[in-house]
Amino acid sequence: MDATFFMKKAIQLATEHMKAGDGGPFGAVIVRDGEIIAEGWNRVSSSNDPTAHAEIDCIRKACSVLNTFDLSGCELIVNCEPCPMCLSAAYWAKIERITFAADRNDAAAAGFNDAFVYEELQKEVHDRAMPMQQLLRDEALKTFEIWSTLEEKIRY
């Protein structure tokens with residue numbers, strides 16, 4: 001099976017679950033060694049969870065199936081270019097490769113515009129639309145200092 005087969009599966013998941021009222025038109029599969037490890041679809045509106053994007057759903061399922069948070073050697077195949085949150089999750093999960101069909105401009109044309117988030121990420125914290133403040137940094141740094149000294153810790 002090749003990437004086309006898996007992409008058709010991602011598109012099928014997006015279409016089926018969107019029509020079923022599960023959420024938006026997004027589907028994903030995670031593949032390792034030519035085998036689907038997990039399938040995911042958008043569940044934002046059905047679960048009232050703004051983080052329940054298809055890619056996040058799929059990453060969570062794959063991690064559960066493989067009993068690890070490290071998805072090295074896996075490919076994420078999605079019917080649309082991942083948004084900034086999903087792209088970040090793929091990096092954190094150590095996904096090896098992402099293959100997508102529609103791009104962010106196609107998603108924007110359908111009403112899913114991530115351009116604002118991309119723009120916000122380029123700004124300094126104090127220039128972002130969402131007010132942010134830094135508080136108790138020195139106290140928080142103590143936690144990182146303790147982490148740095150732990151001999152038995154799981155790095156990720």
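Residue indices begin at 1 and follow the sequence shown. FYI, side chains are in, hydrogens and waters are out, and symmetry mates aren't considered; it's all heavy atoms of this structure. None of the values given here were measured: they were computed from a predicted structure.
Grouping the Ile, Leu, Val, Met, Phe, Trp and Tyr side chains by contacts below 4.5 angstrom, directly or via other members, places Ile36 with Leu13. The cluster map of Ile, Leu, Val, Met, Phe, Trp and Tyr, joined by side-chain heavy atoms under 4.5 Å apart, puts Val78 and Trp41 in different clusters. Cluster annotation: Tyr91 is connected to Ile95 through the hydrophobic network of ILVMFWY side chains, with a link wherever side-chain heavy atoms come within less than 4.5 Å. One hydrophobic cluster holds both Ile30 and Val65 under the rule that ILVMFWY side chains link at heavy-atom gaps under 4.5 Å. In terms of hydrophobic clustering, with Ile, Leu, Val, Met, Phe, Trp and Tyr side chains grouped at heavy-atom distances under 4.5 Å, Ile11 and Phe100 are assigned to different clusters.
Contact detail for Pro25 and Met18: the closest heavy-atom pair is CB-SD, 3.5 Å. Shortest non-hydrogen contact noted between Ala38 and Ala62 is CB-N, 3.5 Å. The shortest non-hydrogen separation linking Met7 to Ala101 is CE-N, 3.6 Å. Minimum interatomic distance between Cys58 and Ala28 (heavy atoms only, all atoms of both residues): SG-O, 3.7 Å.
No side-chain donor-acceptor contact under 3.5 Å links Asn113 to the backbone of Phe116. Between the side chain of Ser88 and the backbone N or O of Pro84 there is at least one donor-acceptor pair closer than 3.5 Å. Remark: side-chain polar atoms of Lys9 are not paired, donor with acceptor, to backbone N or O of Val29 under 3.5 angstrom.
Counting heavy atoms from C-beta outward, Phe69 and Trp92 have side chains that stay 4.5 Å or more apart. In this structure, the side chains of Ile98 and Leu87 come closer than 4.5 Å at one or more pairs of heavy atoms. Cys80 is not listed as a side-chain neighbour of Asp106, based on a closest heavy-atom distance of 4.5 Å or more. A 4.5 Å side-chain heavy-atom check between Cys74 and Val31 finds every atom pair outside the cut-off.
Remark: Cys63 pairs with Ile59, Leu71 by the side-chain contact (heavy atoms from CB on, under 4.5 Å) rule, at least two apart or across chains. By the side-chain contact (heavy atoms from CB on, under 4.5 Å) test, Phe144 is found to be paired with Leu141, residues two or more places apart in sequence or in another chain being considered. Applying the side-chain contact (heavy atoms from CB on, under 4.5 Å) criterion to Glu124, with sequence neighbours excluded, gives His126, Asp127.
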(request) Using the side-chain contact (heavy atoms from CB on, under 4.5 Å) rule, take His53 and Cys83 through it: C-alpha gap first, then chi angles, then the decisive distance, then the call. (result) CA-CA 9 Å; His53 290 199; Cys83 74; 3.4 Å; yes
(message) Let's go through Leu76 and Arg97 carefully: what are the C-alpha distance in whole Å and the side-chain angles of both, what is the deciding distance for side-chain contact (heavy atoms from CB on, under 4.5 Å) to 0.1 Å, and is it a yes or a no?
(response) CA-CA 6 Å; Leu76 174 63; Arg97 176 186 176 93; over 6 Å; no
(request) Evaluate salt bridge (Lys or Arg N to Asp or Glu O under 4.0 Å) for Lys61 paired with Glu39, printing each intermediate quantity in order. (result) CA-CA 7 Å; Lys61 289 174 179 174; Glu39 300 176 350; over 6 Å; no
(message) side-chain hydrogen bond (donor to acceptor under 3.5 Å, both in side chains), that's the test. Do Asp70 and Thr68 meet it? Break it down for me.
(response) CA-CA 5 Å; Asp70 184 340; Thr68 183; 5.6 Å; no
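Counted within 6.0 Å of NZ on Lys94, heavy atoms from surrounding residues, nucleotides or ligands total more than 12; the atom is thus considered enclosed. Surrounding NZ of Lys153 are more than 12 heavy atoms belonging to other residues, nucleotides or ligands, all under 6.0 Å away.
The structure places CG of Asp22 at 9.5 Å from OG of Ser47, a figure rounded to the nearest 0.5 Å. Note that CZ of Phe6 and CD of Glu35 are 8.5 Å apart. Values are rounded to the nearest 0.5 Å. Of the inter-residue distances, the one linking Glu119 atom CD with Asp114 atom CG reads 11.0 Å to the nearest 0.5 angstrom.
At a threshold of 4.0 Å, the pair Arg128-Glu120 does not count as salt-bridged, since none of the basic side-chain nitrogens sits closer than that to a carboxylate oxygen. The pair Asp138-Lys142 does not count as a salt bridge, with every side-chain nitrogen at least 4.0 angstrom from each carboxylate oxygen. Ion pairing between Glu75 and Arg32 fails under the 4.0 Å rule for side-chain N and carboxylate O.
The cationic group of Arg104 does not satisfy the cation-pi geometry with Phe112, failing either the under 6.0 Å distance to the six-membered ring centre or the 45° limit from the ring axis.
Paired with Arg43 under the rule side-chain contact (heavy atoms from CB on, under 4.5 Å), one option of Ile56, Thr51, Asp49, Asp57 passes, and it is Asp57.
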